[in-house]
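Quick note: numbers below take in every heavy atom, side chains included, and nothing from hydrogens, waters or symmetry partners. Bear in mind the structure is a predicted one, so any value in this text is a computation, not a measurement. Quick note on labels: first sequence line is chain A, next is B, and so on, each numbered from 1.
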Amino acid sequence: MEAEEKKRSSNFIRDIIKKDLEDGKIEKVVTRFPPEPNGYLHIGHAKSININFGLASEFEGKCHLRFDDTNPSKEEQEYVDSIMEDIKWLGFSWGENLFFASNYFEQLYEWAIYLIKQGKAYVCDLTADEVREYRGTLTKPGKESPYRKRSVEENLELFEKMKNGEFPDGARTLRAKIDMSHPNLNMRDPIMYRILRATHHRTGDKWCIYPTYDYAHGQSDAIEGITHSICTLEFEDHRPLYDWFIDNLPLIHKPHQYEFARLNLNYTVLSKRKLLTLVTKGIVSGWDDPRMPTLAGYRRRGYTPQAIRKFCEQVGVAKANSVVDIAFLEDCLRDDLNKRAQRRMAVLKPVKVVIENYPDEKSEELEVSNNPEDESYGKRMVKFSKNIYIDRDDFAIDPPPKFFRLASGREVRLRNAYYFTCTDYKVDDKGEVIEIIGKIDPETRGGWSKDGRSPKVTIQWVNCEDALDAEIRLYDRLFLKENPEQVEEGKDFLDYLNPESLVVLKNCKIEPSLIHSKPGELYQFERVGYFILDKDSNKENLIFNRSVTLKDNWAKIKKKV
RNA sequence: UGGGGAGUAGCCAAGCGGUAAGGCAGCGGCCUUUGGAGCCGCCAUUCGAAGGUUCGAAUCCCUCCUCCCCAGCCA
């Protein structure tokens with residue numbers, strides 16, 4: 001058992017927590033996932049969720065969900081709702097620990113007054129442009145604001161007036177008094193409060209001043225008793241500021257910030273701004289379009305929480321920027337679905353097969369396994385008769401080398417049914433095969449032969465008489481370029497869209513048992529891939545989404561030949 | 001040219017002075033009523049580069065190179 005546990009490799013954050021626990025620095029680990037409710041969660045967030053909630057449960061601590069809602073101009077309730085839904089879907093729970101940074105506005109305001117009284121914060125009248133000028137540059141130190149030396153009394157009075165709405169938006173700010181020549185720009189008197197009249201999704205119009213991220217985040221962590229505040233690399237140089245506020249405020253808990261590299265996926269775009277563009281421009285059908293890397297999109301596509309969590313776990317946690325191959329995500333899905341998906345037969349590009357030596361009126365019920373990987377999934381009955389459909393791709397007039405499927409004179413196994421030999425075929429005026437003719441070996445019922453011969457390939461089929469029609473949506477990567485963020489001169493990321501990211505197949509033929517399928521149920525259409533009923537589906541118009549293909553060896557061979 | 005980070009295989013990633021885990025991809029084979037799944041094997045004499053310390057260095061010390069982040073009243 002111990003050996004099994006050791007399989008998973010560690011990461012630096014886990015090591016830190018383990019050590020803090022061992023050293024008695026903390027009694028219990030408390031992490032938090034702090035989304036800003038200004039968009040839907042995507043696979044990158046899943047990594048963060050998995051780290052924060054995963055580590056908390058691993059060490060029997062807890063993980064808070066805290067909405068970082070300090071900027072009412074971009075935040076909406078719709079996003080709050082979707083974020084909670086997605087976290088639950090992933091299988092994590094914040095229990096009682098649901099928080100909002102906006103819950104702390106009052107406390108934050110009092111602490112701002114405290115800092116003013118300590119002479120560590122001041123009201124600044126510089127405009128946004130002036131603030132930028134005074135900040136200096138990467139190589140040049142900044143200049144002190146002319147308002148930096150205001151008296152405590154004046155600062156107190158002005159700050160109260162800011163709060164009371166006596167100044168227009170953007171007219172003044174409250175700034176921390178740190179060091180205008182600090183090599184770290186974040187320490188050059190950062191803004192703590194700005195005047196902003198916007199209706200907040202929780203506090204309404206109560207406030208017209210709002211704390212910035214830098215002033216709110218660490219203090220929220222402190223209030224909640226967060227021990228390990230885990231964020232992404234770009235906040236690394238905010239850490240000194242994070243610590244400055246923590247050290248200069250009368251706090252009991254002193255949280256610490258740790259940073260890891262955010263997730264990147266090739267052929268995928270993960271910035272909220274770009275995802276929003278895809279949605280608003282109608283390039284995808286919405287945040288939950290199955291091509292979107294959002295959790296809502298993956299859910300609709302047929303990804304399972306287990307697959308996503310395994311992916312997050314295996315991808316690791318480190319500080320080096322990296323781009324993970326999308327094939328890795330797909331593999332995690334296949335791995336999960338292979339064990340759990342019910343098998344069904346479906347024919348995506350149907351062509352009719354007539355079995356000459358099968359009686360016209362006869363039909364029979366064949367027993368087939370729902371999942372050969374796990375017999376507990378049971379069996380079902382499938383009807384077989386003289387006329388069936390098989391897939392066009394399983395037949396070739398002129399078979400290429402290494403093609404083991406059906407061709408004139410060849411024998412294949414019809415899955416769970418009989419060995420079948422093609423004797424003839426019909427084509428239309430365009431040369432398209434419209435009918436395949438052949439005979440079965442009646443001695444091979446169930447797909448076995450007493451004489452020990454075994455066809456090289458087994459193909460799936462669907463009985464004509466009771467087959468169901470279905471629409472099948474084939475999804476592929478949204479972008480053709482490995483890194484759609486890296487754009488050439490005069491182009492933007494939308495120039496790299498994959499025109500075939502969605503291919504809709506109509507009149508596919510599927511097993512009748514699929515009429516009972518429900519959203520969320522996992523199916524493998526044998527030899528094709530994994531599919532899930534789409535939310536647009538109804539009994540009259542069945543629609544399935546392809547979650548991921550099966551590994552396709554033939555496709556590989558075809559490429560080589 | 002200021003500050004903060006990072007460089008281990010095609011892609012992730014362990015490794016923490018004792019002689020390069022694991023996964024994905026790829027390649028070869030076995031097996032198979034899914035060309036699926038499964039199984040077996042191969043895939044870094046070398047860790048961004050050059051020096052140095054040491055019996056011994058991916059790990060310690062130097063110098064250099066490359067990449068990423070920061071000049072929002074965004075987070």
Side-chain angles (χ1 to χ4, degrees), chain A residues 6-11 15 34-36 38 68 70-71 73-74 124 126-128 131-133 135-142 169-175 181-188 190-196 209-210 212-214 216-217 231-240 259 261 263 266 272 314-332 334-335 338-339 343 345 368-369 372-373 402-405 413-417 419 444 446-448 454-460 524-529 549-557:
Chain A
K6 284 181 70 178
K7 277 270 164 24
R8 181 177 52 195
S9 53
S10 195
N11 68 59
D15 292 344
E36 182 188 13
N38 68 344
D68 226 330
T70 57
N71 185 352
S73 62
K74 338 170 127 183
C124 181
L126 255 24
T127 64
V131 166
R132 193 184 324 116
E133 273 177 48
R135 186 155 33 225
T137 68
L138 297 179
T139 48
K140 275 190 304 219
D169 284 10
R172 290 178 219 253
T173 56
L174 183 73
R175 298 229 252 163
S181 58
H182 198 107
N184 181 340
L185 303 204
N186 292 123
M187 301 298 270
R188 321 242 261 228
I191 309 281
M192 294 166 60
Y193 273 93
R194 70 278 214 187
I195 304 172
L196 179 61
I209 57 171
Y210 289 94
T212 56
Y213 165 86
D214 284 314
H217 201 94
C231 63
T232 45
L233 252 29
E234 67 270 27
F235 292 102
E236 219 152 8
D237 41 15
H238 289 241
R239 191 178 348 124
E259 311 84 13
L263 175 72
N266 60 12
K272 278 191 193 172
Q314 303 228 332
V315 123
V317 181
K319 297 195 71 153
N321 292 314
S322 62
V323 182
V324 176
D325 193 337
I326 190 108
F328 189 42
L329 211 210
E330 293 173 346
D331 182 76
C332 291
R334 286 192 196 100
D335 184 60
N338 175 48
K339 288 172 235 144
R343 310 294 132 123
M345 291 198 283
V368 311
S369 171
E373 299 287 313
K402 302 263 178 76
F403 182 89
F404 302 145
R405 278 113 101 143
R413 173 164 32 228
L414 296 174
R415 172 120 243 224
N416 301 119
Y419 291 5
T444 57
W448 298 99
S454 180
K456 283 201 108 150
V457 151
T458 299
I459 66 175
Q460 83 281 15
Q524 182 196 101
F525 290 174
E526 287 188 287
R527 299 209 311 136
V528 183
T549 61
L550 248 29
K551 276 190 198 157
D552 188 351
N553 249 307
W554 167 238
K556 233 188 251 178
I557 294 164

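Applying the 5.5 angstrom centroid cut-off and the 30 degree plane-angle cut-off, the aromatic ring of A:F404 is stacked upon the base of B:G35. Residue A:Y213 and nucleotide B:A75 are not classified as a stacked aromatic pair, given the requirement of ring centres less than 5.5 Å apart at an interplanar angle below 30°.
When heavy atoms are screened at a 4.0 angstrom cut-off, A:I326 is found touching no nucleic acid atom at all. Residue-level contact check: A:T127 touches the bases, meaning some heavy atom is under 4.0 Å from a base atom. When heavy atoms are screened at a 4.0 angstrom cut-off, A:E373 is found touching base atoms of the nucleic acid. At the heavy-atom level, A:R413 lies under 4.0 Å from base atoms of the strands shown. A:V457 comes within 4.0 angstrom of a base, heavy atoms only. Across all strands, A:I557 comes closer than 4.0 Å to base atoms (heavy-atom distances). In this structure, A:K140 reaches neither bases nor backbone, as no heavy-atom distance under 4.0 Å exists between it and the strands shown. At a threshold of 4.0 angstrom between heavy atoms, the contacts of A:D325 are confined to the sugar-phosphate backbone, with no base atom among them. A:R135 comes within contact range of the sugar-phosphate backbone alone, with a heavy-atom separation under 4.0 Å but no base atom that close. Contact annotation for A:T173: base contact, defined as any heavy-atom pair under 4.0 Å involving a base atom. Note on A:V323: only backbone sugar-phosphate atoms sit closer than 4.0 angstrom, heavy atoms only; bases stay farther off. Residue contacts for A:A128: at a heavy-atom cut-off of 4.0 Å it reaches a base atom on one of the strands shown. Nucleic acid contact for A:H182: none, since no nucleic acid atom lies under 4.0 Å from a heavy atom of the residue. Within the 4.0 angstrom heavy-atom criterion, no nucleotide atom of any strand lies near A:E330.
For A:E236 and B:C70, the CD to C1' distance is 11 Å, given to the nearest whole Å. The CG atom of A:N321 sits 5 Å away from the C1' atom of B:C68 (whole-angstrom rounding). Atom-to-atom, CZ of A:R188 to C1' of B:G4 comes out at 13 Å; the value is rounded to the nearest Å. Atom CG of A:N186 and atom C1' of B:G5 are 14 Å apart (whole Å).
For the pair A:K319 and B:G4, the criterion of a side-chain N or O lying under 4.0 Å from OP1 or OP2 is not met. Side-chain N/O atoms of A:R239 include none lying less than 4.0 angstrom from OP1 or OP2 on B:C70. Contact between the side-chain N/O atoms of A:R172 and the OP1/OP2 oxygens of B:C73 is not found at any separation under 4.0 Å.
Taking the C1' atoms as reference points, B:G17 lies 46 Å from B:C74, given to the whole Å. When the P atom is used for both B:A50 and B:U45, the distance is 14 Å, rounded to whole Å. A distance of about 12 Å separates the P atoms of B:G15 and B:G7, rounded to the whole Å. Rounded to whole Å, the P atom of B:G22 lies 11 Å from the corresponding atom of B:G41. A gap of 27 Å separates the C1' atoms of B:G10 and B:A57, to the nearest Å.
Set against B:C24, B:G3, B:G35, the side chain of A:R527 has B:G35 as its closest nucleotide. The side chain of A:D237 sits closest to B:C69 out of B:C12, B:U34, B:C69.
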Q: Could you go through the side-chain contact (heavy atoms from CB on, under 4.5 Å) check for A:H217 and A:F235 one step at a time?
A: CA-CA 11 Å; A:H217 201 94; A:F235 292 102; over 6 Å; no

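Shown here, B:G41 is classed anti by the O4'-C1'-N9-C4 or O4'-C1'-N1-C2 angle, which is more than 90° from 0.
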